[in-house]
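Have a look at the structure below, then the notes.
Residue numbers begin at 1 in each chain, while the letters A, B, ... track the order of the sequences.
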Amino acid sequence: MLPRRWRFGWDRYSEDLFTDRYDTNAETLSQAIRAAASEEPDADGSVLFGHLQGTVVGLRYYTGVVNQGEMVGLVRQPQNQYDHNAVMVANIYGNQVGHIKRELAAAMAHVMDNNLAKVEGVVHSGTKNSFTMPLMLSFWGKEENKNAVMESMARHGYKLNTGGGKATGANQKSQGARALSSKKGLTIPLTAAELKNAFDKLFDGLMESEDGEKQAAESVGTPLLPHQKQALSWMCARENKSALPPFWERRGELYYNSLMCFSAKEVPERIRGGILADDMGLGKTLTTIALILTNFHKGKPLPVEKCEEQPSSVKAKTKPEMASKLEGSSKASDGSGSSDAAAGSMRPNLSQVEGICVDSAAVVDKSDKSASRGKKKATKRKPIKEAPKCIEDLDFAAALGGPAAATSSKKKKAATPTPSVESSITESADDLSARTTLIICPLSVISNWLDQFEQHVSANVKLNMYLYYGAERNRSKTFLSSQDVVITTYNVLSADFGNKSPLHGIKWLRVVLDEGHIVRNPNAQMSKAVLDLKAQRRWILSGTPIQNSVKDLWMLLAFLRLKPFDAREWWNRVIQRPVTQGDRAGLQNLQTLVKCITLRRTKGSKVNGRPLVSLPEKRVCVEQVELSQSEREEYELARNEGRNTIARYMTEGTVLRNYADVLAILMRLRQHCCHPDLLAKTSSDLSAAATPSEMRERLIEKLRFVLASGSDEECSVCLDSVNLPVITHCAHVYCRPCIAQVISTEQETARCPLCRSEIKASELVEFPQEAMDEEKSTNSDTWRTSSKVQALMGNLLRLRCEDGSIKCLVVSQFTRFLILLETPLREHGFSFVRFDGTLSQKKRTQVIQEFQSPAADGPAIMLLSLKAGGVGLNLTAASHVFFMDPAWNPATEEQCIDRCHRLGQTRNVFVTKFIVKNSVEEKMVKIQREKQDLVEKAFGSKNTNRKTSRMDDIKALMEL
DNA sequence: ACCGCCGGGTGCC
DNA sequence: ACCGCCGGGTGCC
């Protein structure tokens with residue numbers, strides 16, 4: 001008999017699927033299925049076309065087994081040398097079971113290749129089939145493809161069973177649900193309200209108290225609060241305990257997954273890691289640092305070098321200019337100074353950031369001579385060269401040396417029979433040479449991490465950290481894997497990905513995704529880069545693990561390699577679709593899954609009857625603003641004009657075609673409410689564009705409207721905020737990668753997802769950089785005020801009288817408004833800083849530091865752009881927040897408030913939202929409120945629903 | 001017999 | 001596969 005790989009001579013595709021590079025094929029095959037399903041169209045909005053009994057043949061040639069009731073995957077094999085229509089059948093682990101019988105495969109191939117339907121298989125009878133096996137197929141797809149599918153199958157002599165009656169609408173839904181929940185006999189779908197409620201509660205009550213508390217390693221300089229010790233204990237347990245993953249149980253010799261009806265001979269790989277979903281401000285960063293230091297191999301602390309010499313001497317020598325800044329920090333003082341970091345305080349001291357940057361090639365400012373000097377001495381801090389003074393254990397001595405020292409240690413050799421790090425993906429054997437924790441975070445929180453490490457690691461401990469960032473980052477794998485901690489950003493990670501990425505060539509001890517919810521679009525490059533990392537242990541830190549829908553969870557589970565859900569097909573079939581269709585069992589299963597891997601406490605949670613943290617009070621009030629007579633007149637003029645335009649689109653049914661225009665109208669109204677000078681010159685009618693350059697000019701103008709509004713515009717492809725925005729000739733805005741993918745898949749027939757106009761890659765228009773710059777430099781020679789400005793100034797002046805030490809955040813979505821506000825602030829002698837998305841990392845750090853500093857002459861006000869920096873900023877110096885204009889998404893406002901209403905805040909927090917009376921703003925607030933009750937928000941991820949709900953919004957806003 | 005019938009070899013796509 | 005199919009052996013009863 002030929003070796004298996006010769007028998008599958010078909011193609012690279014299959015070769016990838018079933019290559020026997022790895023003995024335990026679970027990993028690769030699962031990945032293969034995931035890869036095969038990565039083009040998986042979103043199952044949302046699919047309806048069941050019908051069922052069909054089919055046959056799997058060739059069982060005896062393959063090793064994959066299936067149990068009764070188990071789902072199987074169907075994968076097309078267009079390159080199969082015997083039959084280009086071949087459809088392979090694989091079990092949940094991706095092991096091939098057989099093929100679909102030839103004739104049926106011929107019928108299915110057409111349907112599958114043209115994406116007319118997704119075909120799913122379930123085995124209902126018997127494992128004792130030795131040659132062939134019956135299989136129940138179900139066909140799912142978009143309603144509009146149903147006929148094509150039925151006809152296509154009929155042409156080949158197959159008639160789909162539509163379940164007796166003329167199944168339509170709700171009928172089909174319950175069928176789908178029944179197919180999965182029949183075992184448990186639950187067929188009554190959840191009501192929308194129940195669903196929403198259950199979903200919101202998904203992360204509630206995930207506080208696991210039975211783990212008790214764990215003391216952090218000595219090297220953690222900051223005493224942990226009780227709930228942090230609890231989290232540490234839980235995290236250590238998740239990394240060290242070998243409990244079976246959720247739904248797995250032992251059955252005799254086999255391991256059985258009760259949810260999937262799947263059994264396996266090998267122990268299912270345990271999930272070493274999970275989701276730490278504590279509310280922001282509870283100390284996820286500190287807990288993670290504690291984890292890194294406390295739980296190295298075999299539950300022992302990370303071996304660290306303890307130095308009795310002046311730890312700061314190195315820094316002081318190389319960076320004398322920094323010495324003054326470092327004074328007073330725990331590292332600059334002697335070894336006993338660790339306690340000066342206030343116990344339990346999360347408040348970072350940003351003056352220390354540069355201290356750690358010393359070890360980094362991340363030349364935040366390339367011209368800064370201190371940074372380039374720091375680079376030169378980077379190797380000096382490698383511990384390998386200096387004899388460590390205190391090593392706890394021989395094992396660790398080997399580990400301490402990192403991979404470079406690996407061969408010299410006999411003991412280590414025995415522990416890791418396969419020294420090749422790259423080739424081994426299986427995580428079964430603990431690779432004791434893995435030393436490094438990789439932390440990936442958004443750019444905006446890097447400084448926070450560096451700072452927290454500096455603050456919480458004992459002063460006499462040397463931790464090898466490397467900030468993998470900047471053009472001159474050290475890409476040596478040996479170097480990186482000899483560090484204790486490597487920090488990088490999502491952007492650097494995805495930029496490196498596929499480009500000989502050293503980060504992907506190292507097998508990490510631990511990978512930590514900070515603000516993990518930001519990777520949630522599975523098609524994004526960033527997601528792929530994250531999923532491809534090799535690590536023994538994986539963690540996701542996120543204060544808001546779910547932002548919109550169940551869908552968001554997939555990425556998290558896939559990252560954690562929670563089998564089999566890391567393959568989207570199983571996730572869709574077993575969790576996402578049942579849950580969105582209101583299946584109770586599905587929701588229950590989801591709850592169980594999440595519960596097993598997540599720890600979440602909120603600010604309101606209690607430990608032993610006591611609140612985790614006691615935050616000062618927060619008061620939110622709305623301050624109504626009356627427009628002056630002339631402002632009102634201008635506003636009404638604009639409103640009537642806009643209303644007429646939109647009403648015309650409505651009657652013509654061309655709202656979507658003119659979506660950008662509609663948004664522009666709304667935005668102009670919102671701008672009217674803030675300040676007349678925010679209004680850009682009105683653009684002329686798009687359809688009247690004569691020349692291509694004129695067209696381009698106008699598209700850019702439209703794009704400017706959409707972007708400058710900061711109105712949370714989302715890309716209709718990824719349903720996320722637009723990233724790298726481009727505008728189509730039909731004036732719809734998408735992320736460039738998203739729309740590029742649409743175009744490349746559909747080729748010549750590509751159409752705009754919103755209005756179905758033809759689109760071409762060459763016609764996508766970007767916002768030109770010059771325009772961006774020009775945007776910023778809006779000059780305001782002739783300054784005038786506005787009612788809203790007056791309202792703000794009134795408040796600020798009053799506060800200054802009451803207490804000169806009060807600091808305020810002034811928040812707007814319009815960065816141009818923030819710039820406008822500078823004038824009156826200056827006029828009244830306020831000292832302020834501005835923080836928006838355009839700031840460089842270095843500048844950000846500076847600005848925050850300046851603002852947070854308690855110095856009496858420091859800035860009293862921060863002009864903050866609503867979306868700048870995302871979450872994670874620490875602005876506890878402020879106790880008053882002024883929202884100049886309402887956001888579409890109230891959660892964005894909440895996050896913003898949380899930047900100052902968090903641990904470390906000592907004053908009561910007052911939030912004022914300015915709303916112009918009798919205006920579009922009032923209606924936005926009303927819609928905000930209604931939205932919170934809408935199930936759509938959590939579950940209605942259907943594109944169409946979103947669009948229609950947007951339409952309703954527009955109608956309501958314009959009183960149409 | 002350019003058939004039928006028998007029984008062994010054989011078996012996914 | 002306790003099948004179907006193929007192709008060689010065989011050929012009144």
Q: Report the distance from atom CZ of Phe131(A) to atom C1' of dC12(B), rounded to the nearest whole Å.
A: 12 Å
Q: Whole angstrom is fine here: how far is it from CE in Met108(A) over to C1' in dC13(B)?
A: 13 Å
Q: Pick base, sugar-phosphate or nothing for Leu59(A), based on heavy-atom distances below 4.0 Å to the nucleic acid.
A: nothing
Q) Whole-Å distance between dG11(B) C1' and Arg102(A) CZ? A) 13 Å
**Q.** Atom-pair distance (NE2 on His99(A); P on dG11(B)), nearest Å
**A.** 16 Å
(Q) Rounding to an integer number of Å, can you tell me how far Tyr61(A) OH sits from dA1(C) C1'? (A) 11 Å
**Q.** Charged N-O contact under 4.0 Å between Glu249(A) and Arg251(A)
**A.** yes
Q) Separation of His84(A) atom NE2 from dC12(B) atom P, in whole Å? A) 19 Å
Q) Which whole-number value in Å describes the distance from Met88(A) CE to dC12(B) C1'? A) 13 Å
(Q) Distance check, P atoms only: dT10(B) and dC6(B), in whole angstrom units. (A) 22 Å
Q: Assess the side chains of Arg272(A) and Gln536(A): does a donor N or O sit below 3.5 Å from an acceptor N or O?
A: yes
Q: Give the rounded distance in Å between these two atoms: CG of Asp83(A) and P of dC12(B).
A: 13 Å
Q.
For a quick check, tell me whether the side chain of Tyr82(A) and the base of dC12(B) share a donor-acceptor pair closer than 3.5 Å.
A. no
Q: Considering only NZ, NE, NH1 and NH2 on the basic side and carboxylate oxygens on the acidic side, decide whether Glu103(A) and Lys101(A) come within less than 4.0 Å.
A: yes
Q: Could you check Trp570(A), Phe262(A), Tyr255(A) and say which one makes a ring pair (Phe, Tyr, Trp, His ring centres under 6.0 Å) with Tyr93(A)?
A: Phe262(A)
Q: Can you tell me the pairing partner of dC13(C) across any strand shown, Watson-Crick or G-U wobble, with both distances under 3.5 angstrom?
A: none
